[in-house]
Amino acid sequence: MAKNAVVMEGIFYEINGIKILEDINLTIKENDFLAIIGPNGGGKSTLLKIIMGLLKPQKGTVKVFGHLPHESLHKIGYLPQITHFETDFPINVFETVLMGRYHGPLHNYSKDDEKSVLKSLQNVNMLDYKEQQIGELSGGQLQRVLIARALTREPQILLLDEPTASIDPQMQKNFYELLSKLRNEMAVVMVSHDIGVVSSYVETIACLNRRLFSHGPVETAKKGLEEAYKCPIDLIAHGIPHRVLREH
Amino acid sequence: MLEFLQYQFMQNAFIAAILVSIACGVVGTYVVIKKIVFISGGISHAAFGGIGLGYLWGINPILTAIPFSIISAILMGGVSKKVNISEDTAIGIMWSVGMALGIIFINLSPGYAPDLFSYLFGSILTVPSSDLVIMLILDLIIIFTVLAFNREFMAISFDEEFAQVIGVRSNLFYMVLLGLVALSVVVLIKVVGIIMVIALLTIPAAISKQFTYNLRNLMILSIGLGMVLTSGGLWLSYLFDLSSGATIVIVLGIAFVIASLLKKSLEQPIKA
């Protein structure tokens, strides 16, 4: 029986009186591969930030591996949206990933930390780029580096915010292959507004548009999507010429 | 050509140039990469309130400027997190209120404020040895703080959200960083004056950033450039009998233009 990685009960979150999340109940198992789908502004990123304890809900409880979010931060790996990165920032790939090994004030990075960084870079096939300045990377490469930064923390759950938004279709395939590999070692949760590609890789889907709809396996969730979910239907059909669902 | 160095005030001026270059190379690097130029401008202008307070209480204005600029830095950075106004607005308010307070304090002070202009526009030639000691101490505080917390400063400058996820106390270290900006403002005031402080905090680092992607090299290069350009400006101001603060800033500005053109011409052959 798989343990619970995240348990959210009765979460309400609002900013300036505007409800962002309403009555969210969500359980993520330690071996889940979950996509949280929903329109922009549907509260997806907020949900991730609540799991990480960066935002505190007004109501409800969150447990991450049985503890409060900020007590379990060391078990969480996080990939932010990469759109907000300054690409001319004076930092190279190795230094970027090394940041993931932060131990607190006045603790220097150790040889073990450096080894872990190299291993993580190997894991995402970016070892050859370790001396490169991050501005010299493509979107897909930067994303891999940031995944390595999350992995070097040896997380038990990996949270990815809109990971496919800024990489081209060719890189997306590589990206999902990487995730398929990683999901054997940790829970993987990604949020996306693009159900098309996502659903052919992940195992379960939850639909989020202020409330949580139809959380479940991809095939059944799809039905729930069309009925209960208020996001536009073209999000599902999407008009792209590949299968949305796996053969079954 | 070097005969002017025999004067005590000239020696002091060159020591001052070196001391400011250290502060602006180290802190200026963070100001530029974290894009906190505007708040740094706010802190430097608000520091004028501290200068005024010094006149009012009859003590060295540099000493009163230290707590005053630190408090205004914390207010600017912190208020927007507590109250529902943007940091931008908080800066605008503190910027002008700080300066206004300085003027009122000076109005209330008995007698004249003869060297007031030296705080506004800088007066590197009149830096007394006692101020050099204060500048040196502030430089040392800056250097040791950065040596101790460079990991945190790097993390919050690069990706504040991720910094929080890995357990960096982002708000705290942002405040510490603003505190360092406040200290460097105090170091710089005597040299270029409140109004032009921001030039030294941004230009050396902005030039260096075009030539290196390594943070430590960036700081070292900025310090070196700061020393050369400030001393160069000082020498030119002596040669042409111009205001030293303004000359230094003009030299910095010209250097920035030259460096940018140089950088462009260096890149051209690669593209072709």
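Note on naming: letters A, B, ... go to the chains in the order of the sequence lines (proteins, then strands), and numbering restarts at 1 for each one. When reading the values below, keep in mind they use all heavy atoms of this one structure, side chains included, and skip hydrogens, waters and symmetry mates. Nothing here was measured: the structure is a model prediction, and the numbers come from that model.
- When heavy atoms are compared at a cutoff of 4.5 Å, B:S157 approaches chain A by way of both its backbone and its side chain.
- Environment of NZ in A:K130: sparse, with no more than 12 heavy atoms of neighbouring residues, nucleotides or ligands closer than 6.0 Å.
- Between B:I166 and A:Y78 there is no side-chain heavy-atom pair separated by less than 4.5 Å.
- Considering all non-hydrogen atoms of both residues, B:V165 and A:L54 come closest at CG2-CD1, 3.9 Å.
- Of the residues considered (A:L79, A:D88, A:I76, A:T96), A:D88 shows the highest number of contacts with chain B, using heavy-atom pairs under 4.5 Å.
- Residue A:L98 does not touch chain B at all, counting heavy-atom pairs closer than 4.5 Å.
- For B:L218, the part lying near chain A is the side chain, with the backbone staying farther off; criterion is any non-hydrogen pair under 4.5 Å.
- Proximity to chain A among residues 134-148 of chain B is limited to B:A148, judged by heavy-atom separations below 4.5 angstrom.
- More than 12 heavy atoms of other shown residues, nucleotides or ligands fall within 6.0 angstrom of atom NZ in A:K181.
- Proximity to chain B involves both the backbone and the side chain of A:I91, based on heavy atoms less than 4.5 angstrom apart.
- A:Y129 OH: 12 or fewer foreign heavy atoms inside a 6.0 Å radius.
- The only member of A:Q81, A:M52, A:K49 that meets side-chain contact (heavy atoms from CB on, under 4.5 Å) when paired with B:E161 is A:K49.
- Between A:G100 and B:F162, the shortest heavy-atom distance links the atoms CA-CE2, 4.2 Å.
- Proximity to chain B (any heavy atom under 4.5 Å) is restricted, for A:H107, to the backbone atoms N, CA, C and O.
- The closest side-chain heavy-atom distance from B:I33 to A:P90 is below 4.5 Å.
- Checking A:Y102 against B:E152 by side-chain atom types alone, a donor-acceptor pair falls below 3.5 Å.
- Heavy-atom neighbours of B:R169 CZ from other residues, nucleotides or ligands within 6.0 Å: at or below the threshold of 12.
- In this structure, A:N108 and B:R151 have side chains that are in contact, with non-hydrogen atoms separated by less than 4.5 Å.
- Looking at A:N16, only its side chain comes within 4.5 Å of chain B, counting heavy atoms on both sides.
- Counting only heavy atoms from C-beta outward, the side chains of A:F89 and B:M154 approach each other to under 4.5 Å.
- Proximity to chain B involves both the backbone and the side chain of A:R149, based on heavy atoms less than 4.5 angstrom apart.
- Within the 4.5 Å cutoff, no side-chain heavy atoms of B:Y213 are placed close to those of A:I134.
- In this structure the side chain of B:D159 reaches within 4.5 angstrom of the side chain of A:P80, judged on heavy atoms.
- Summarising the local packing, NZ of B:K263 is surrounded by more than 12 heavy atoms from other residues, nucleotides or ligands at distances under 6.0 Å.
- Among the candidates B:T212, B:L215, B:V168, the residue making the largest number of heavy-atom pairs closer than 4.5 Å to chain A is B:V168.
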